[in-house]
Structure formats: C-alpha cells, structure tokens
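Residue numbering restarts at 1 for every chain, and letters A, B, ... go by the order of the sequence lines. Hydrogens, waters and symmetry mates play no part in the numbers below; they use all other heavy atoms, side chains included.
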Amino acid sequence: MITKLDSMLLPRKKFIYHYKNVRWARGRHETYLCFVVKRRVGPDTLTFDFGHLRNRSGCHVELLFLRYLGALCPGLWGYGAAGEKRLSYSVTWFCSWSPCVNCSIQLCQFLNNTPNLRLRIFVSRLYFCDLEDSLEREGLRMLTKAGVRISVMSYKDYFYCWQKFVDCKKSNFKAWEELHQNSVRLTRKLNRILQVEDPKLQGDGCANLSWFS
DNA sequence: ATTTTCAAT
C-alpha cells in the first residue's frame with residue numbers, strides 16, 4: 001500500500017472548496033487534478049503512483065499532468081529490452097472542472113500517439129458546457145471518441161478521493177448539501193452532451209413518437 | 001429570480 005506524507009496530501013478545506021459540485025461555483029479560479037497511475041502487467045493492474053496537481057501560471061492542470069507523465073509512467077515511451085513487453089499504464093483522474101476544448105484536443109492527440117496509455121476521467125463540475133454549441137461540449141465528445149470514459153463524480157468518488165488524496169486525519173467524508181442532486185443533474189447533462197453526435201440529426205423529438213401512431 | 005467557469009489586479 002502506497003501512502004503519502006501529510007504534506008503531499010490536499011488540505012480538507014481546499015478539497016471541499018474546489019471539488020464542491022455547486023451550481024454556481026463562484027471564485028474557483030484554480031483547478032485541481034487528483035490522479036492514480038496504475039501499471040498494467042498482463043491481466044493485473046498495480047497502483048504505481050498517485051497525487052494531485054493544481055494549474056499553474058497560465059497552464060491548465062491537464063497539460064501540466066501531460067508534462068509530468070513521463071516521470072509518472074517510466075517506460076511509457078521507451079522500448080523495453082528485447083522480448084520485453086512494452087509497459088502499459090492506466091490513469092484515472094478526478095478533476096474539479098471538466099477540460100476546456102484546447103486541453104481536450106491536446107489530450108486526444110496525445111492519447112492517439114500513446115496507445116499503451118488508458119485514461120479515465122471523473123469531473124466534479126462541467127466547465128463552460130451550458131451552451132448547446134459550446135466548444136467545450138465538442139471537446140468532451142472528442143475525448144469519448146478517443147476512448148476516454150468521462151463521468152461526473154458521485155458520492156462514492158468524493159468518498160474515495162477523501163480517503164486517498166486528502167489529509168483527512170481519518171475523519172470521514174461528510175457530504176455537503178445537495179451533493180447528490182447536483183451530481184445527478186450534472187450526470188444527466190453530461191449524458192445529453194455525449195449522446196448528441198450532431199444536433200441537426202436529432203430531429204425535434206417528435207419523430208420518435210411516430211412509433212405510436 | 002439570479003448567480004460561475006484553469007483571473008486579473
């Protein structure tokens with residue numbers, strides 16, 4: 001079991017403030033990314049490393065993560081010794097915001113060039129996804145097409161993060177008001193975003209009713 | 001009813 005020094009863990013207040021999935025997340029001018037890196041060896045996956053990052057001076061946290069990826073996943077690009085299988089990694093991350101379109105594009109490109117890396121994303125809130133035709137929505141669809149599974153965090157995910165990434169001093173995770181409702185609402189929203197390939201092909205919703213006539 | 005968003009000052 002890998003553990004971290006307390007100083008490497010997120011303070012409780014910081015985690016709650018930045019991961020709170022409230023409707024109007026005023027003042028969250030930072031984004032946090034908690035990650036778990038697993039090394040895939042045959043059918044087994046072993047936790048290799050975990051931690052958290054925060055965006056820095058103009059660099060979104062997702063791109064910061066890509067910068068560190070080489071260090072986090074040794075051998076990801078290397079060619080192993082003769083007869084040795086190339087190493088495969090799985091990364092799961094929990095981000096306080098969903099990625100912007102630029103980060104999504106860069107992630108897609110990166111993943112296309114790195115087939116031995118699998119990425120699974122959980123997000124607490126959806127970033128600029130209110131408008132039907134927002135580029136951020138399109139970015140999320142691109143990621144899905146690139147094989148990334150994206151989900152909205154639910155209670156069990158916050159609970160897991162609290163145990164894993166937060167300096168929780170053994171205290172139990174306490175849900176805030178409306179955690180569940182907000183998670184359900186955002187999940188529905190994300191599902192709608194990911195289902196709609198092309199809104200123009202969707203029809204007006206009445207077409208499906210022809211089933212009943 | 002309305003409010004925000006990986007700041008800028």
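Closest approach to the Trp24(A) side chain among dA7(B), dT3(B), dT5(B) is made by dT3(B) (side chain taken as heavy atoms from C-beta onward).
Atom P of dT5(B) sits at a distance of 22 Å from the matching atom of dA1(B), rounded to the whole Å. Distance noted for atom C1' between dT2(B) and dC6(B): 25 Å (whole Å).
Proximity of Leu186(A) to Val123(A): side-chain heavy atoms (C-beta onward) are nowhere separated by under 4.5 Å. Side chains of Phe173(A) and Leu179(A) form a contact here, defined as non-hydrogen atoms less than 4.5 Å apart.
Contact annotation: Tyr32(A) side-chain N/O to dC6(B) OP1/OP2 distance is not under 4.0 Å. Using a 4.0 Å cut-off, some side-chain N or O of Asn55(A) falls inside it from OP1 or OP2 of dA7(B). OP1 or OP2 of dT5(B) has at least one side-chain nitrogen or oxygen of His29(A) nearer than 4.0 Å.
Summarising the geometry, the separation between NZ on Lys20(A) and C1' on dT5(B) is reported as 17 Å, rounded to the nearest angstrom. Taking atom NE2 on His18(A) and atom P on dT4(B), their separation rounds to 17 Å, with Å as the unit. To the nearest angstrom, P of dT5(B) lies 16 Å from CG of Leu186(A). dC6(B) atom P lies 18 Å from atom CZ of Arg67(A), rounded to whole Å. Here dC6(B) presents its P atom at 12 Å from CZ of Arg28(A), a figure rounded to the nearest Å. Computed from coordinates, the Leu135(A) CG to dT5(B) C1' distance equals 15 Å when rounded to whole Å. Between the CG atom of Leu64(A) and the C1' atom of dC6(B) there is a distance of 11 Å, rounded to whole Å. Atom-to-atom, NE2 of His60(A) to P of dC6(B) comes out at 7 Å; the value is rounded to the nearest Å.
Within 6.0 Å of CZ in Arg120(A) there are more than 12 heavy atoms belonging to other residues, nucleotides or ligands. Surrounding OH of Tyr155(A) are more than 12 heavy atoms belonging to other residues, nucleotides or ligands, all under 6.0 Å away.
Asn55(A) places a side-chain N or O within donor-acceptor distance of the main-chain N or O of Thr31(A), the cut-off being under 3.5 Å.
In this pair, Phe128(A) lays its aromatic ring flat on the base of dT5(B), centres within 5.5 Å and planes under 30 degrees apart.
If you check every strand for non-hydrogen atoms under 4.0 Å, Ser98(A) touches a base.
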